[in-house]
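Single-structure report; data block below.
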Protein chains: 2
Amino acid sequence: MRQETIENYLKTIYNLSSDNTVVVGNKELAGRLNLRPATVTEGLRKLDELKYVFYEKSYGTRLTTSGAKLALNIVRRHRIWETYLVKELGFGWDEVHEIAEELEHVKNDKLINKLAGILGNPIYDPHGDPIPDAKGKIFKSNFIKLSEAKPKVSYKIMGVTDHSSAFLKYLEKHHLIIGANILVKQFEEFDSSILLTCNKNEIIISSKAAECMIVQVN
Amino acid sequence: MRQETIENYLKTIYNLSSDNTVVVGNKELAGRLNLRPATVTEGLRKLDELKYVFYEKSYGTRLTTSGAKLALNIVRRHRIWETYLVKELGFGWDEVHEIAEELEHVKNDKLINKLAGILGNPIYDPHGDPIPDAKGKIFKSNFIKLSEAKPKVSYKIMGVTDHSSAFLKYLEKHHLIIGANILVKQFEEFDSSILLTCNKNEIIISSKAAECMIVQVN
DNA sequence: TTATTAATTTTGGCATACCTAATTTATTTT
DNA sequence: AAAATAAATTAGGTATGCCAAAATTAATAA
Ligand SMILES: [Mn+2]
Ligand SMILES: [Mn+2]
Ligand SMILES: [Mn+2]
Ligand SMILES: [Mn+2]
């Protein structure tokens, strides 16, 4: 298997398995990788042979220790590059994901560690995602999705789970950036939309948007 | 054809054809690309169909205008990255070529132009190779190989044509770095080795090394 | 100019990464 | 527990990028 293919599978399995607690299904994996389920079945069989995953037919897939190690490494590269592009090269947080998708496959630990060093070994990337350290250790936090927040509680925005330019630009337009403090006023029963205040401005957020926002109690 | 394959062919043809004046042969191209001649024959047929090259069977290959344009773009990316790695990230000139071989395929003009801007739009890379500007324009110089120099003339080292770590470390050990002034004392008839002075030290250089050093009359 | 040698191309194959359509297996609904 | 639906797998196929060995063409030496 091509190294880039392996890396994309492992990274995606990692992102879907929330810390290896959930087994990943073929259909969802196929969707994320822009492949057909049949293709993914083949791919997983090979990754299983390479001992990167435990693949149980018709059931699901988990990363092995070595698979998780590689996955964490790719995730580190991706997030370090995103951070470097934003902090050192002046890109917007909405334009770095695509570039990092390519840069993450450049294999050179010295390079990544140098970038990380220049950045002061950051723990979070521009989207609030935790950056594994050189050993693969990741800072564990107790963030929740905004869609799971409680009314009348004040939160701080810590991250996003959708990295698309469209979504990030939308957030920016409403000043819903990382670090911003928001007060959840109420949930609309009808469509689960949320009324909240941010910088003294009231705004209504769709449940879809709230699903993609990560917050922490203030 | 995969984009990366195309880029590697075009870049290599560019590097072998000295400004498109020489037609490139299959055997040499195969050697540079680490492929077999039979493979290159196929590849060139496809590139010809894509209008990136003029490929004349059993004769040789030249870049078309569009092929040259793409080639220049890859060369620019490669050399900008090499320069950035050395100047901004603290790598040695002997360790950047391999990394740049990967980074050069990351396609994002804004990124390259940003790096170039930070560097002050350099015209030469760490090995003395000219860097095409964003439009593909290259600064033309009248450098010669040290092997073609004349005795009793003083030169300045302007570049190298071998980017291997082994060669660059050898040069560094003898202070034969870019910008250094040397005086060619004499050519040894027997093996074409060169006796020269650099920083008041005498040193003998093999013809093989001299072939890979680019100089300019002082 | 005819050998001889070197470069190039052709032929036939192999492996990888995909796909669609058909089939099987698992999960929901009724 | 059937029936219906959804997910996963298998079977069969295409396109790409590579190779070795044989055949051809071009270049060089005799
Ligand atoms: Mn990203
Ligand atoms: Mn990110
Ligand atoms: Mn180089
Ligand atoms: Mn260079």
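Computed from a predicted model, the values in this text were never measured in an experiment. Side-chain atoms are counted along with the backbone in the values below, which use heavy atoms only and exclude waters and symmetry mates. Here is the naming used below: chain letters follow the sequence lines, and residue numbers restart at 1 for every chain.
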Using modelled atom types only, decide if a donor and an acceptor are shared between the side chain of A:His127 and the backbone of A:Trp93 within a distance under 3.5 Å. yes

Rounded off to whole Å, could you give me the NZ-to-C1' distance for the A:Lys27 and D:dT9 pair? 15 Å

Measure the distance from CD on B:Glu4 to P on D:dT16 and round it to the nearest whole Å. 17 Å

Sorted by position of nearest nucleotide on DNA chain C, 5' first, the leading residue of A:Lys57 and A:Arg2 is A:Arg2

Is it the case that the side chain of A:Lys114 and the backbone of B:Leu89 share a donor-acceptor pair, with hydrogens and angles ignored and the cut-off at 3.5 Å? yes

Residue of the set A:Arg79, A:Lys11, A:Glu7 for which side-chain contact (heavy atoms from CB on, under 4.5 Å) holds with A:Glu104: A:Lys11

Residue A:Glu88 excluded, over 12 heavy atoms near CD under 6.0 Å: yes

Rounded to the nearest angstrom, tell me the gap between atom CD1 in B:Ile6 and atom C1' in D:dT16. 12 Å

Taking B:Asn20 for the side chain and B:Tyr14 for the main chain, is one N or O donor matched with an acceptor at less than 3.5 Å? no

In residues 35-50 of chain A, which residues come under 4.0 Å of DNA chain D by heavy atom? A:Pro37, A:Ala38, A:Thr41, A:Arg45

Are OP1 or OP2 of D:dT9 and a side-chain N or O of A:Tyr59 less than 4.0 angstrom apart? no

Need one value for A:Tyr55: base, sugar-phosphate or nothing, where a base atom within 4.0 Å counts as base even if backbone is also close, heavy atoms only. sugar-phosphate

Got more than 12 heavy atoms from elsewhere within 6.0 Å of CD, A:Glu189? no

Is a donor on one side and an acceptor on the other found under 3.5 Å between the side chain of B:Thr12 and the backbone of B:Asn8? yes

Taking B:Asn113 for its side chain and B:Asp109 for its backbone only, find out whether a donor-acceptor pair lies under 3.5 Å. yes

Mind checking which nucleotides bracket the chain B contacts on DNA chain C, 5' to 3', with an atom under 4.0 Å from a heavy atom? C:dA7 to C:dT10

